[in-house]
Amino acid sequence: MTVRVRIAPSPTGNLHIGTARTAVFNCLFARHHQGQFILRIEDTDLERSRPEFTENILEGLKWLGLNWDEGPFFQSERMELYRQKIQALLVQGLAYRAYDAPEELEAMREVQKANHEAPRYDNRHRDLTAEQEAAFKAEGRKPVIRFKIEDDREIAWTDLVRGKVSWKGRDLGGDMVIARASEGSDIGQPLYNFVVVVDDIDMKISHVIRGEDHISNTPKQILLYEALGTAVPEFAHTPLILNQAGAKLSKRDGVTSIADFQAMGYSAEALANYMTLLGWSPPEGVMEEIFSLDQAAQHFSFDRVNKAGAKFDWDKLNWLNGQHLRRLAPSELSQQLLPVWQAAGYEVPDDAVWLEGLCVLLGQSLNRTTEAPAMAQTFFVEPTFEQEAVDHLKQPNVGIIIQTFEKLFREWEKEDLPMQEDLWKKLEEKIQAAIHEQISALGVKKGLVMKTLRMALTGTKSGPELVPTIALLHAHKEVAKRLTQANKIIASMSGSADT
RNA sequence: GCCCCCAUCGUCUAGAGGCCUAGGACACAUCCCUUUCACGGAUGCGACACGGGUUCGAAUCCCGUUGGGGGUACCA
């Protein structure tokens, strides 16, 4: 059997992480079985659907690498098909027109509620006589179309995630509305549960993979498959992504749209990896938990999908994103960070070697690309001196250290940097050697030298590893210049301190 | 209320009746590396919701309780 699955988002909001995770499972399953992954936009709710959300959903899926094989299909363009199918059900007597007014349905539910009964339609218009129908029409009532659901039906399926799930017809809420109200003998806007089934049949979907929140739709849909005379597909209901409180993650929980994660500096690979891990676990021994979609697809199966909901955890996402970042080659990382720095307003020199050197240095302590501007500031902007740095520079012995290195680097700047493979390594060794030499020459502690250089060059007490930092700064002749500047600050301070 | 689903460290999870003194990852703590913050390495802390069965033996199977979640539309 060929596997055909689909993701069917509704364009009533931006691509949500829950929808994206369902897309991940669908895509993984399709790839594992060399099947087809279909994208269908469920825009039957004309009121709430917006083209910009469709755009956002398409972009988000592409960004995540969840490429679909067919589509996007739009339900709004397929109304004729749905109406035909509804007409057929009407003709077969499996569906009928119901003329209840909203207030009447409301009143009915009030009574049920008062009696501690489940709210349900009591099928009161199921067997209307021609006279009754004519009377309702004469009143100007607009009918909906309801699909008959027998109370004594038992509906069961074997869910790929949950095993056997069963339902009783009477718990389905009575005959269900499949088309909204409309004038006379027209067929109104068809509704979700119906169009899903028509489309899944038409698109020959073999496996319906969706969130657990759709479990209660499944028995209704199974009845519809039967009515339409088609075999029922396999179902897999995946656990939901939960918020900190353990409830279904919703827009109200803050950051939930894929575009937001992207803007926060998370990579598509890491996000896809994390979403997969929220419910699926890689087989032990074959795979670690840091993986690409391709790797996951190789081993994906519903046997390894958990049944319980999974709370979303920022700590783990951050860690995972850092891991993915650290696995990038310097050139790849550089490609990612360059636009971030440019967007931050930095004038990034056109020097690929230097840029890659910088990326290697910063990449090891980077979790998200959005952290890169703050982390790289010292390389693009003249330092401003923190109070702590100023205080440090006041100390005795500091001036002589700065002057010594200033002179040293002034000399070095006269030479060109050798363009060689291990340029940075060689430069770092050279700086390291010079530092050690000066430590013994000046008779000071290493800690003092290192601290002094850091404060004088960057104006702060913490930052990336110092020696590589110096190497990078030196490559653009920034070291001697900055030391001169630091010296001036010391001079001005001692001047005012004496008076 | 009614129906359905679920239940292992704080979090994500491994676990298919004996390989379990319950494994891994994140987080947390301590130490190492280190001028610093990170990264990295090591160690530690830490869970089978509860009660009954079944069995020689239960985290695993059954029943119940409790707790959590989802659904209950002329939304999707």
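Within every chain, numbering begins at 1; the chains are lettered A, B, ... in the order of the sequence lines, protein sequences first and strands thereafter.
- Look at Arg304(A) and you'll find a side-chain N or O under 4.0 angstrom from OP1 or OP2 of rG15(B).
- Atom P of nucleotide rA7(B) and atom CG of Asn306(A) are separated by 7 Å, given to the nearest angstrom.
- The partner of rG18(B), taking Watson-Crick or G-U wobble pairs whose two distances both stay under 3.5 Å, is rC56(B).
- In this model, no side-chain donor or acceptor of Lys316(A) finds a partner on the base of rA27(B) within 3.5 Å.
- For Leu457(A) against Thr378(A), the heavy-atom pair with the smallest separation is O-OG1, 4.2 Å.
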Set out, in order, the CA-CA distance, both residues' side-chain angles and the distance that settles salt bridge (charged side-chain N to carboxylate O under 4.0 Å, His left out) for Glu289(A) and Lys316(A), then state yes or no. CA-CA 11 Å; Glu289(A) 61 176 9; Lys316(A) 186 123 186 187; 3.1 Å; yes
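- Across all strands shown, rU36(B) remains unpaired; no Watson-Crick or G-U wobble contact has both distances below 3.5 Å.
- For rU60(B) and rA7(B), the P atoms lie 12 Å apart once the distance is rounded to whole Å.
- With a cut-off of 3.5 Å on both Watson-Crick or G-U wobble distances, the partner of rC2(B) is given as rG71(B).
- The CG atom of Leu320(A) sits 11 Å away from the P atom of rA27(B) (whole-angstrom rounding).
- Going from the P atom of rA27(B) to that of rU11(B) covers 16 Å, rounded to whole Å.
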side-chain contact (heavy atoms from CB on, under 4.5 Å) for Phe147(A) and Asn193(A)? Distances and angles first, verdict last. CA-CA 11 Å; Phe147(A) 172 71; Asn193(A) 273 119; over 6 Å; no
Would you give me the side-chain donor-acceptor pairs under 3.5 Å for residues 13-21 of chain A, sequence neighbours excluded?
unit_1, atom_1, unit_2, atom_2, d
Asn14(A), OD1, Asn56(A), ND2, 3.3
His16(A), ND1, Gly18(A), N, 2.9
Arg21(A), NH1, Leu278(A), O, 2.1
Arg21(A), NH2, Pro239(A), O, 2.1

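- Here Lys137(A) does not pair with Glu139(A) in a salt bridge; the nearest charged N to carboxylate O distance is not below 4.0 Å.
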B/S/- contact track for nucleotides 36-47 of chain B, protein heavy atom under 4.0 Å: BBBSS-------
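- Within residues 271-280 of chain A, the residues that have a heavy atom under 4.0 Å from RNA chain B are, in order of number, Leu277(A), Leu278(A), Gly279(A).
- To the nearest whole angstrom, the two P atoms, one in rC61(B) and one in rG15(B), are 12 Å apart.
- Atoms CD (Gln112(A)) and P (rC3(B)) sit 14 Å apart, rounded to a whole Å.
- Every residue two or more places apart in sequence or in another chain that forms a salt bridge (charged side-chain N to carboxylate O under 4.0 Å, His left out) with Asp175(A) is listed here: Arg126(A).
- When the P atom of rG70(B) is taken as reference, atom CD1 of Ile241(A) falls 14 Å away, rounded to whole Å.
- Here the C1' atom of nucleotide rG69(B) and the NE2 atom of His237(A) are 15 Å apart, to the nearest Å.
- Out of rC4(B), rG23(B), rU13(B), the shortest distance to the side chain of Glu284(A) is found at rG23(B).
- Residue Glu289(A) has its side chain nearest to rA25(B) when only rG69(B), rC4(B), rA25(B) are considered.
- Taking the P atom of each, rG24(B) and rA14(B) are spaced 15 Å apart, rounded to whole Å.
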As a quick check of understanding, evaluate side-chain contact (heavy atoms from CB on, under 4.5 Å) for Arg6(A) and Val196(A), giving each step before the final call. CA-CA 11 Å; Arg6(A) 80 324 195 254; Val196(A) 161; 3.7 Å; yes
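- Nearest-nucleotide positions on RNA chain B place Trp167(A) closer to the 5' end than the other of Gly309(A) and Trp167(A).
- No side-chain donor-acceptor contact under 3.5 Å links Asp186(A) to the backbone of Ser182(A).
- Residues Ile41(A) and Pro72(A) share a closest heavy-atom pair of CG1-CB, 4.2 Å.
- In this structure, Asp151(A) pairs ionically with Arg120(A), as a charged nitrogen and a carboxylate oxygen lie closer than 4.0 Å.
- If you take atom C1' in rA42(B) and the same atom in rU66(B), they sit 42 Å apart, rounded to whole Å.
- Nearer to the 5' terminus of RNA chain B, by closest-nucleotide assignment, is the contact made by Ala308(A) (compared with the other of Ala308(A) and Pro282(A)).
- Distance CZ (Arg21(A)) to P (rC12(B)): 12 Å, rounded to an integer number of Å.
- Distance check on atom P: rA38(B) versus rA29(B) gives 10 Å, rounded to whole Å.
- Note: CZ (Phe312(A)) to C1' (rC26(B)) measures 13 Å, nearest angstrom.
- A 3.5 Å limit on both hydrogen-bonding distances identifies rU30(B) as the Watson-Crick or G-U partner of rA42(B).
- The aromatic ring centres of Phe29(A) and Phe302(A) sit less than 6.0 Å apart.
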Do any side-chain atoms of residues 445-452 of chain A form donor-acceptor pairs under 3.5 angstrom with protein atoms, and if so which ones, sequence neighbours left out?
unit_1, atom_1, unit_2, atom_2, d
Thr452(A), OG1, His392(A), NE2, 3.0
Thr452(A), OG1, Leu448(A), O, 2.5

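- In this entry the distance linking CE of Met455(A) with P of rU35(B) reads 15 Å, nearest Å.
- Judged by Watson-Crick or G-U wobble contacts below 3.5 Å, the nucleotide rA49(B) has rU65(B) as its partner.
- With salt bridges taken as basic N to acidic carboxylate O contacts below 4.0 Å, none links Asp43(A) and Arg48(A).
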Sugar-phosphate means primed atoms, P, OP1 and OP2; the rest is base. With that split, encode nucleotides 71-76 of chain B 5' to 3' as B, S or - using protein heavy atoms under 4.0 Å. SS-BBB
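- Distance noted for atom C1' between rG18(B) and rG57(B): 7 Å (whole Å).
- No salt bridge links Glu133(A) with Arg97(A); every basic N to acidic carboxylate O contact stays at or beyond 4.0 Å.
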